Structure formats: C-alpha cells, structure tokens
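What you see is a predicted model; the values in this text were computed from it and never measured. Below, chains carry the letters A, B, ... as their sequence lines are ordered, and counting in each starts from 1. Atoms considered below: every heavy atom in the structure, side chains included; atoms not considered: hydrogens, waters and symmetry mates.
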Protein chains: 2
Amino acid sequence: MTPGAPQRPAPAANEPRRRPTINDVARLANVSKKTVSRVINQSPFVNKDTRERIDTVIKELGYAPDPVARGLASRRSYLVGLIYDNPNPQHVIDTQQGILDVIRGSGLELVIHPCNRRDKDFLNGVRGFIDRQKLAGVILPSSVSEDEDLVAVLREYDTPYVRIASVPLDEPEHSIVTNDSEGARQAAEHLAGLGHRVIAHVSGPDTFRSSHERRSGFIEGLKTAGLELDKKLDLRAGYTFQSGIEAGRRLMAMPARPTAIFCGNDEMAAGVCQAVRETGLEIGKDVSVVGFDDSPLASRMWPALTTVLLPIRASGRMASIRLLGDRLTKEPQEEDRQGEVHPTLVVRASSGPAKT
Amino acid sequence: MTPGAPQRPAPAANEPRRRPTINDVARLANVSKKTVSRVINQSPFVNKDTRERIDTVIKELGYAPDPVARGLASRRSYLVGLIYDNPNPQHVIDTQQGILDVIRGSGLELVIHPCNRRDKDFLNGVRGFIDRQKLAGVILPSSVSEDEDLVAVLREYDTPYVRIASVPLDEPEHSIVTNDSEGARQAAEHLAGLGHRVIAHVSGPDTFRSSHERRSGFIEGLKTAGLELDKKLDLRAGYTFQSGIEAGRRLMAMPARPTAIFCGNDEMAAGVCQAVRETGLEIGKDVSVVGFDDSPLASRMWPALTTVLLPIRASGRMASIRLLGDRLTKEPQEEDRQGEVHPTLVVRASSGPAKT
DNA sequence: GCGAGTATTGACACCGGTATCAATAAGGGA
DNA sequence: TCCCTTATTGATACCGGTGTCAATACTCGC
C-alpha cells in the first residue's frame, strides 16, 4: 500500500462485510486493545485525550463490540431470558414488550423460554437453558415467579433474576409487585356501590398466589361496603374460558342467584357471561359481571366487560430495570424505577345497577 | 497430585460450579481438543474406537459444548431470530410456539425482535440486531415477510432466513406458504351455501398481501357459487377492531344492506358485530358474520364467530425446519416438512341461513 | 534534585471453541 | 520389502473480547 492510501482498504467486492474489531480500533488509534476495551467499558482510568482519540476512531469505523466475544471473555452473555408458563397470550406479549421497551438500544437481546410447570421435566429444560447461555439475567413473570424450585436453580447457576408477583416476596430487591388485591378491592367496591348485595366470586386455581390475592382483596372490598362473601358463592375454577362457563352455570342454577359476579380473570368472565346468556338473562342488566386483566377480549365482547387493568407491560419494564440497571445505556423513566404497579378498574357495560 | 489421585478434583465447596470444557474432555480421553471437536461435530474422520472413548468421557462429565464459544469461533451463533411487526398477539405467540416446538432440545434459542415498519428507523434496528448477533437464521412471519428492504438487509449480512407468506414467493426454498385465499374461498362458499346473495367484504389494508389474497379467494369462492362481489360492498379497513366498527356502520347504513359479511380478520369481525348490534339486528340471524384467524376472541364471543383457522403454529414449525434442517438434533415430523399449510373453515354461530 | 505515590498504558494469558495444515500410522501394490 | 495412499490425529493459530499485573510517565513534597 502506498503511503497516503486510505487506511481502511475497501473490502473486496463479493467478500461479505467484515465488522471492525477491537484490534482495528486499537491499530488506528495507536493504542493497545486493552485501552480500547477500557474506553468501551467506561473505565475511569483512561486519559481524556486518549479516550477522545479512541472515540473518534470508533465513530469513524462504526465499531461496536461483539457481544458474543464479550460473552465468552466475561462469562456473561448479552441475553436476557424470559421464562414463563401458561401463556395468557396478552400477558406474555405485554411482558415481552415491557422488557424490550427497556433493553432496546443497550445491545441486549431477549430470549424466550416458555415451559410447562406440570411437566416434571421442566426444571431440566430450564437448567439447560440457564446453563448453556450465560444469561445476563432472567425475568420471572407471575406464571412462574412463585416456583421456589425454579428460583433455586437460578441461584445454583448464579444467574441474576427478578420476579414479578402479585404480592411482596422475601426478596424485595429482586421483585416487582403487581398488587392484585387492590384491583379486586376496587371491583368489589364498584359492585357494592351499584347496589348489589348477592355477589359471587369465581377464582382461579388455588395453586396460584394471584387467586388468593384477588379473593382476599375482593373480600376486603366487600367488607368496606359492609358485605360478606357467602362461602357458597365463592367458586374455584381454572382461569380458563371453559371453567368459567361451568362456574357460571352452577351459579345460575342456584336458588339465591347472585346479581353480580366477580371473576379472577377475563377468560372466566367471558365464560360466565356465556352461561348467563344461556339462561336468557342479560349481562349488565340482570347480572353484572366483572373480570380481571383487561385483555383485548374485554373491550371486544358485547357488552364490553368491566374489568381490572393490570399494567403488565410496565411491570416488565420495571423488572428489566431492576435486573439490568447498570447495563442499560439509556436512562430509564423515573416512573419505571418503582418496585410496584397498581391495578385500576375499567368500567364498561357488563356491570350495571342492581335491579331493586 | 499423587498418582492415582482422582483426575478431576472436586471443586471447592463455595466455588460456583464450573462447566466441563472441551479441554477437560480431551485430557480425560487422552486426545487433542480438535479430535473432541470432531466428535461433537459428527465429523466422519474419527476412528470408531476413539469416538467411543470420547463419547464415554463426554457422558461421564456431562459435557455440552458452550454455544457462546462455538459462536465466536464459527461466526454463527446458536440463536434463531424472530422479527415481526404488528403484534396480533395470537399470531405472535403461535409463531413463537411453532419455532420452539422445533428447536427445543437442539441447543438453539429463540431471540425475538418486534419492530415497527412505519418507523423509518426500523431497518437500522434490524440491522443492529442482525449484525451484532451472528444469528443462525431469521424467521419472517407474514407481518414482515413481504418487506423487500428487510430481506435485502438479511442478504447483505449473509443471514439465512425463511419467510412465511400468504402466497408463494420468488424463493420457494426460503418460504412457507399459508394459502390464505383458500380459506377465504371456503368462507365465501359457506355463506353462499347458506343462501346469502348480498355479501360484503371488509378487508385489511391494501399494503398487506394477505388482504389481497383473502379478497381474491373470497371473490373466487363467490364466483363458484355464481355470485359477484359488488364493489360498493368491498370495504377497506385496517385489520383493527375500531376500523371494523366503522366499516360495519357504513355497511349497516346502506340501503341495500348485506345479509352476510366476510372480514379479513377476527378483530374486524368483532368490530363489525358490534356495529350490527348497534342497529338492533341479531348476529347469525339477521346478519351473518365470518372472520379470519380463529383467534381466541372468536370462540369466546357471543355468538361465537365463524372463522377461518390458519395453522400459524404449524407454519412456524415448518419455517424453522426449512431454516435449520441440518442443525436440528431431533428428526422433524413428516407433516412439518411440507412447505405450506392450508386454512380450514370453523363454523360457529355467527353465520346462519339467509332470511328469505 | 530525589523518592514516593498516582495516573495511564500495554504485554500476555485466557475464555472455549473451530480451522488449517502438517505429522504420523496403517494399508496396499509393485 | 519399500514407496505411495489414505485414514487419523494433533500442534498451533485464531475468533474478539476481558483480566492480571507489571511497566512507564507524571506530579508532589521535602
């Protein structure tokens, strides 16, 4: 190459583009690769002039460190894991979105790992996942956050994690709280305020903490209004549409039929509505129904469903910030630094005044 | 260490577990790491005895190659990318599931990258994603598969990809076809068979190939039944619930009101149903409505929506198999090796005989 | 002007694999 | 029996970063 020729020869035409490496930067900036490494890692032990010179070269070259190589050397990849069970599609999507809201632009990527907790082999699946990739961290939404065996595996492999749960956990610094009970309380107060006195509850499975939280919040709300939850009107179902239909049928068959029904999620609420209609009664007039989640279904049903909005996406953002704080390049929104979200009631047409 | 002492000293108690590496295997099997590498990569140039000896050690140690290190050395990571826009949550989830069905157990992971094609910067986002990770491959579901700029970027970075599209593309070996028009044709024949003569169509945006496919299939189906699609009854909407409501209102306001409406997706169908109800008419009796997708919404609505089921999850499986064939450890199902899926009509209560 | 303390920097090994190519061993034909 | 092939194997460099620790350069106090 003659002197004065361009420092960076154009790659041969058909040759696939080659990313500049730390070595290229070091050579052009006339420093060692270690110093470049210091600059990209924001080490304070670099002379200002040197730093600027290197930064210039980095910009010129469009250099970006290779996450794979970094991962190998530092034993920490740039991958964030999301483990979940029980795909309530909207929850999953919202959580994914929330995480991506935060990590986008920081060179981190989101790797998803759905699993099935009822499958006795699921822990091995997770183990493989954790062990293979040296994840930067893992986020555990409510569908798995209460699984202590799972959390034990994460600890065992020394993988950082944050749990999203309906209620505060032992490790507040590793968790985000969604305060489900608050939402259920609002639902109860809403129905009581409409004049309902015989109010039923259809819950999710007892194996979910959220079922308990929503129930206890509901009971609390009733109490505020001077009401109690009749044990016979407190039904266990399965968080599914079908189980909602069945619970609804049982309620409709009761001699002292409830005039309002609070359901632990929208899926069951939709099922309950179906059962109510089968008996010829009108939703929102004869029987009020309230759900939980504010899933897309809720606003598209007819009549539209009164429900509790749970800010899942925000909880995903908060969890990621907790998990990755220092590895994020962009400063997170102040409101997303909180450790909890609060549900709100969305009133639609499925709940109306009690007939007197 | 005295001779006869255990070859592999137990790690100190608190020391975090250290994965066995290829060096450990090589030492114990008394071969070079390259030979071990050959074994794990199924090279044919290894003596049978040697291979067996190494396999034994691998099993004893529970050794598994480190995907990060492999990625660095081979310039191909073990990550499969899924790029999508416009989250119809169910599509997204189904596609994710389909991919995971296939790659699970092969040491590959799924990295998701939602994007927004209307954002003029979206290509740069994708570029960063592609460039940083040296993806094993990328899957492009229908929401992005027709974006030629995007595909150009993938080619530019020499990243393998498979597109899922409603209609055959130029590169059949890199695509999976969902044959949307077939489903629309069935919908048309179904409605015509019920005696409807004035049938409307509410389509998605013209910018989606799927909108055209569904329309043309629908027209074809009508033709089979000796009908034509009246231009005034062929409305463009936006694939959203809200746009469905608006389209429905326009249709209901027409002097020659249609007795049946085929919608390009379930979201719009739900909106149309709402508009129909606003006029006091009954779905399935006065006006029949058919959707497309068989989203969860369809079966939970009241009355339940007749719709076209698109096997998205299967298309995700097929796409992954196309993409990764040789890198998969488990033999794929024969039916998933096809290059196309076929929609089927799911008849529910929202479509009924035309009133005479 | 000199020794000590602090600020910068780089040489080199290493992370855990893969690629290249030469070296060695085994088999076959003349 | 000897040379040439073919089958196996390993030495070594390399992928693109990070960690350790020593070396060098300054600055300050006396």
Side-chain angles (χ1 to χ4, degrees), chain A residues 16-55 57-58 61-79 107 131-136 158 327, chain B residues 16-55 57-58 61-79 107-108 131-134 136 158 327:
Chain A
R17 98 186 27 250
R18 196 179 68 84
R19 279 171 58 116
T21 74
I22 197 171
N23 292 305
D24 300 328
V25 176
R27 193 165 354 99
L28 264 60
N30 212 357
V31 294
S32 74
K33 52 198 278 200
K34 182 62 209 182
T35 301
V36 178
S37 171
R38 288 197 182 90
V39 169
I40 61 186
N41 288 296
Q42 326 224 43
S43 157
F45 307 115
V46 180
N47 183 289
K48 191 152 169 277
D49 293 348
T50 313
R51 178 189 307 282
E52 279 167 7
R53 183 152 38 96
I54 293 176
D55 274 334
V57 175
I58 287 180
L61 248 45
Y63 166 76
D66 178 338
V68 178
R70 288 227 266 191
L72 177 58
S74 65
R75 291 123 181 290
R76 272 282 163 238
S77 78
Y78 285 69
L79 303 176
D131 187 31
R132 265 197 307 279
Q133 313 297 332
K134 312 152 197 301
L135 299 180
D158 214 26
R327 300 185 64 165
Chain B
R17 98 184 27 249
R18 197 180 68 84
R19 279 171 58 116
T21 74
I22 197 172
N23 292 304
D24 300 327
V25 176
R27 194 166 354 100
L28 263 62
N30 211 358
V31 295
S32 74
K33 51 198 279 201
K34 180 61 203 178
T35 300
V36 178
S37 170
R38 289 198 181 90
V39 169
I40 61 186
N41 289 295
Q42 326 224 44
S43 156
F45 307 116
V46 180
N47 183 289
K48 190 150 170 276
D49 293 349
T50 313
R51 178 189 307 280
E52 279 168 8
R53 183 152 39 94
I54 293 176
D55 274 333
V57 175
I58 287 180
L61 249 45
Y63 166 76
D66 178 337
V68 177
R70 289 228 266 192
L72 177 58
S74 65
R75 290 121 183 290
R76 271 286 160 234
S77 78
Y78 284 69
L79 303 176
L108 294 157
D131 187 31
R132 266 195 308 277
Q133 313 297 333
K134 312 152 198 303
D158 215 26
R327 300 184 66 164

Rounding to an integer number of Å, can you tell me how far [X] [atom1] sits from [N] [atom2]?
X	N	atom1	atom2	value
A:D24	D:dC15	CG	P	10 Å
B:Q133	D:dG16	CD	P	15 Å
B:F45	D:dT8	CZ	P	9 Å
B:N47	D:dT8	CG	C1'	7 Å

Under 3.5 Å donor-acceptor pairs involving side-chain atoms of residues 43-50 of chain A, not counting sequence neighbours:
from: A:S43; atom 1: OG; to: A:F45; atom 2: N; distance (Å): 3.1
from: A:N47; atom 1: OD1; to: A:D49; atom 2: N; distance (Å): 2.7

Has the side chain of [X] got a donor or acceptor atom that lies under 3.5 Å from a matching backbone atom of [Y]?
X	Y	value
B:R53	B:A29	yes
A:R132	B:D66	no
A:S37	A:K33	no
A:R19	A:A64	yes
A:D24	A:T21	yes
B:S77	B:K134	yes

Quiz prompt | Base-contact (B) and sugar-phosphate-only (S) positions in nucleotides 11-20 of chain C, heavy-atom cut-off under 4.0 Å, - elsewhere | solution = B---BBBBBB
Quiz item: Near DNA chain D, under 4.0 Å by heavy atom, which residues of residues 48-55 of chain A?
Solution: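 Nucleic-acid contacts, sorted: none.
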Exercise. Measure the shortest side-chain to side-chain distance between A:R51 and A:Q42 over non-hydrogen atoms and say whether it is less than 4.5 angstrom.
Key: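 No - every pair of side-chain heavy atoms lies 4.5 Å or more apart.
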Quiz item: Would you say C:dT9 has OP1 or OP2 under 4.0 Å from some side-chain N or O of A:T35?
Solution: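 Answer no for this pair, as no side-chain N or O of A:T35 is under 4.0 Å from OP1 or OP2.
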